[in-house]
Amino acid sequence: MSQQPPAAPATESTVTTVAPPGDWWRDAVIYQVYPRSFADSNGDGMGDLEGVRSRLPYLRDLGVDAVWLSPFYASPQADAGYDVADYRAVDAMFGNLLDADALIREAHELGLRVIVDLVPNHSSDQHEWFKRALAEGQGSPLRERYHFRPGNGENGELPPNDWESIFGGPAWTRVTEPDGTPGDWYLHLFAPEQPDLNWEHPAVGDEFRSILRFWLDMGVDGFRIDVAHGLVKADGLPDLGDHDQLKLLGNDVMPFFDQDGVHAIYRQWRLILDEYSGERIFVAEAWTPTVERTARYVRPDELHQAFNFQYLGTDWDAKELREVIDRTLDAMRPVGAPATWVLSNHDVTRHATRFANPPGLGTQIRTAGDRELGLARARAATLLMLALPGSAYVYQGEELGLPDVVDLPDEVRQDPAYFRGAGQDGFRDGCRVPIPWTRDGSSYGFGGGGSWLPQPESWGELSVQAQEGVAGSTLELYRSALRVRREQPDLGAGDSVEWLLAPEGVLAFRRGEFVCVANTTGEAVTTPAYGRLLLGSAEITERGGEARVPADTTVWWTTA
């Protein structure tokens, strides 16, 4: 552990120190593994930690710097592991703590860092605290660790306020007391099986500081903080006064999201992390109204990175992309934090499918769209993302060009939002279908016993085996891009780009001796050939100092 004394917490309006340049996380490419859909070692149809461990060499060869693992903790799996019953145990479907230890150790031997999910906004209703709170009845001290409240109405039959669950319906559930009578209500911003923790109670903070140390002592290199914007609720839990609240998410500061009090928690956490050697990091999943508010989470004495959801939600449009790139870099520069860039994750439609559809449909799309167009744009968007200053995230399978599976039968769907009709469309299962490793087999190499969600017949030709070593394949494009990114000194970390003149619908920028051109239009364009061609998402023709850049194509050059 570091022997340096921790810095005193900063106030809301102050900045203490700026992290030194060159930290690994400033330009890291981090690969998200969704464990249940990555690799199955025991043939039960469900991915597991041993399966992940067996595929670590693939990730090393891909060229990523770190692996982020979605939750594998002990859980009833009401929300795919984001309902945690025991934060210090591995769920039996994924293995055990010895498997986690082996995975971390082998990843380090291969030069890969390991980031794990942390879920501090809510626990499972099967967590020991919550079970005791119910069993002990009204007045139980354990109820103070959650948000239990008496109901409104003559007999307490109405919820304590008008908040709605992100998954649809009221954000409150009434409990039956031990004597069989209707009792208090408890808050759950997500599923009823995910009661929100009360971060005003000191025991909650104590517990999570202990959990941090447990996994840091195991050797993890950092934490992705789930719902990082949600821990603190407005005093008094006031009514929101709007009954279409889901449409407000990401547009307004809500009484249950992005409250200023969360920042004191993260300053405390940062003191713990800084005790450990090895440059451990925090990554925030913080849905905020603006990237400027996101920047508040990554001030020098708080978290290291925050997901750039504004970028993820941007259509394949040059003007819109340039605007969000500029706003992101401008917001992160004053706090000394790297920008992050992400195109897909386990909660949104894969970008190969989003870009296959008309713009303006959002991040949850039910239609397959134009597959060829979507793949071309996805490849181009990837090269653009990897050319920008900062850190990038890759969601498992996007390096294979996988589309969303939009035609899953209703009877196989498992997203809890699907079963709450007033909420999200519940179609997150489409991006969680297990990825293909081989051309053939019951699950295309995922495991020996099928897969927990059915895979399309086309999966075999998109598999690692089908694309490995094939010039022009999406897998080889990713490998080449990540190799070039490492080799080019002007790529990776930084906080600015120099925009170049370009035709309408085209983005062109310089970073030192590196130049990137992204054609977001549906027609080929002619641009200067800026130097030695490094890589293109499609075939580029150069003649007489000019380059013909096809529609929906990104190109990299170096002037060195």
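Note that CE of Met93 is 5.0 Å distant from CZ of Arg36, once rounded to the nearest 0.5 Å. In this structure, OG on Ser443 lies 12.5 Å from CG on Leu453, to the nearest 0.5 angstrom. To the nearest 0.5 Å, atoms CZ (Arg432) and CZ (Arg350) are separated by 11.0 Å. Atom CD1 of Ile104 and atom CG of Leu112 lie 12.5 Å apart (nearest 0.5 Å).
The ring-ring contact (aromatic ring centres under 6.0 Å, His included) analysis of residues 445-481, with sequence neighbours excluded, yields no pairs. Residue pairs that meet the ring-ring contact (aromatic ring centres under 6.0 Å, His included) test with at least one member in residues 379-406, sequence neighbours left out, are Phe307-Tyr393.
Legend: residues meeting salt bridge (Lys or Arg N to Asp or Glu O under 4.0 Å) with Asp407, ordered by chain and number and at least two apart, are absent. Listed by chain and number, the residues in a side-chain contact (heavy atoms from CB on, under 4.5 Å) with Ser75 are Gln77, Asp83, Asp91 (sequence neighbours excluded). Contacts of Ala28 classified as side-chain contact (heavy atoms from CB on, under 4.5 Å), with partners at least two apart in sequence or in another chain: Trp24, Ile30, Asp65, Ser391. Every residue meeting the side-chain contact (heavy atoms from CB on, under 4.5 Å) condition with Glu193, not counting sequence neighbours, appears here in chain and number order: Ala78, Asp125, Ala191.
In this structure, the side chain of Thr554 engages the main chain of Ala380 through a donor-acceptor pair within 3.5 Å. For Gln32 (side chain) and Leu69 (main-chain N/O), no donor-acceptor pair under 3.5 Å exists by modelled atom type. The backbone N or O of Thr367 sits less than 3.5 Å from a side-chain atom of Asn357, completing a donor-acceptor pair. In this structure, the side chain of Asp48 engages the main chain of Ser41 through a donor-acceptor pair within 3.5 Å. Here the side chain of Asp370 pairs a donor or acceptor atom with the backbone of Leu373 at under 3.5 angstrom. Although no hydrogens or angles enter the test, the distance criterion places no donor-acceptor pair under 3.5 Å between the side chain of Asp258 and the main chain of Thr288.
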Ser123 and Tyr146: CA distance, side-chain angles, deciding distance, side-chain hydrogen bond (donor to acceptor under 3.5 Å, both in side chains) verdict: CA-CA 9 Å; Ser123 75; Tyr146 295 90; 2.9 Å; yes
Check step by step if salt bridge (charged side-chain N to carboxylate O under 4.0 Å, His left out) holds for Arg479 and Glu468. CA-CA 10 Å; Arg479 287 177 171 175; Glu468 200 158 30; 2.9 Å; yes
Pair Arg270, Glu302 - check salt bridge (charged side-chain N to carboxylate O under 4.0 Å, His left out), show working. CA-CA 6 Å; Arg270 182 62 179 263; Glu302 294 189 40; over 6 Å; no
Apply side-chain hydrogen bond (donor to acceptor under 3.5 Å, both in side chains) to Tyr31 and Glu399, showing your working. CA-CA 10 Å; Tyr31 187 99; Glu399 76 277 14; 2.8 Å; yes
Run the side-chain contact (heavy atoms from CB on, under 4.5 Å) check on Ile265 and Leu231 step by step: do they pass? CA-CA 9 Å; Ile265 296 169; Leu231 278 58; 4.0 Å; yes
Please report the C-alpha distance between Phe282 and Trp25 in whole Å, then the side-chain angles of each, then the deciding distance to 0.1 Å, and finally whether the ring pair (Phe, Tyr, Trp, His ring centres under 6.0 Å) criterion is met. CA-CA 10 Å; Phe282 286 123; Trp25 43 274; over 10 Å; no
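Donor-acceptor pairing under 3.5 Å is recorded for the side chains of Ser210 and Arg88. Counted by atom type alone, Asn121 and Asp196 present one or more donor-acceptor pairs between their side chains at under 3.5 Å. In the model, Asp23 has no side-chain atom that pairs as donor or acceptor with a side-chain atom of His304 under 3.5 Å. Between the side chains of Thr340 and Asn308, not a single donor N or O lies within less than 3.5 Å of an accepting N or O. Inspection of the Thr474 and Arg379 side chains reveals an N or O donor paired with an N or O acceptor under 3.5 Å.
For Trp68 and Phe223, the gap between ring centers reaches or exceeds 6.0 Å. Between Phe72 and Trp215, the gap from one ring centroid to the other is short of 6.0 Å. In this structure, the ring of Phe190 has its center no less than 6.0 angstrom from the ring center of His188. Taking the six-membered ring where the residue is Trp, the centroids of Tyr58 and Trp437 are separated by under 6.0 Å.
Between Ile225 and Pro120 the shortest heavy-atom distance is CG2-CG, 3.8 Å. Looking at every heavy atom in both residues, Gly51 comes nearest to Ser54 through O-OG, 2.7 Å. Contact record, Ala80 with Tyr34: CB-OH, 3.2 Å, taken as the closest heavy-atom pair. Residues Leu535 and Ser480 share a closest heavy-atom pair of CD1-CB, 3.9 Å. Between Ser537 and Asp552, the closest heavy-atom pair is OG-O, 4.2 Å. Taking all atoms of both residues into account, the shortest heavy-atom contact from Ala392 to Leu386 is CB-CD2, 3.8 Å.
Note: Trp269 and Phe208 have parallel aromatic rings, judged against thresholds of 30 and 60 degrees for the angle between ring planes. Using cut-offs of 30° and 60° for the angle between ring planes, the Phe355 and Trp316 rings count as tilted.
The environment of Arg132 atom CZ is sparse: at most 12 non-hydrogen atoms of other residues, nucleotides or ligands sit within 6.0 angstrom. Environment of CD in Glu487: crowded, with over 12 heavy atoms of neighbouring residues, nucleotides or ligands closer than 6.0 Å.
Across Asp415, Asp404, Thr349, a single residue satisfies side-chain hydrogen bond (donor to acceptor under 3.5 Å, both in side chains) together with Arg428, and that is Asp415.
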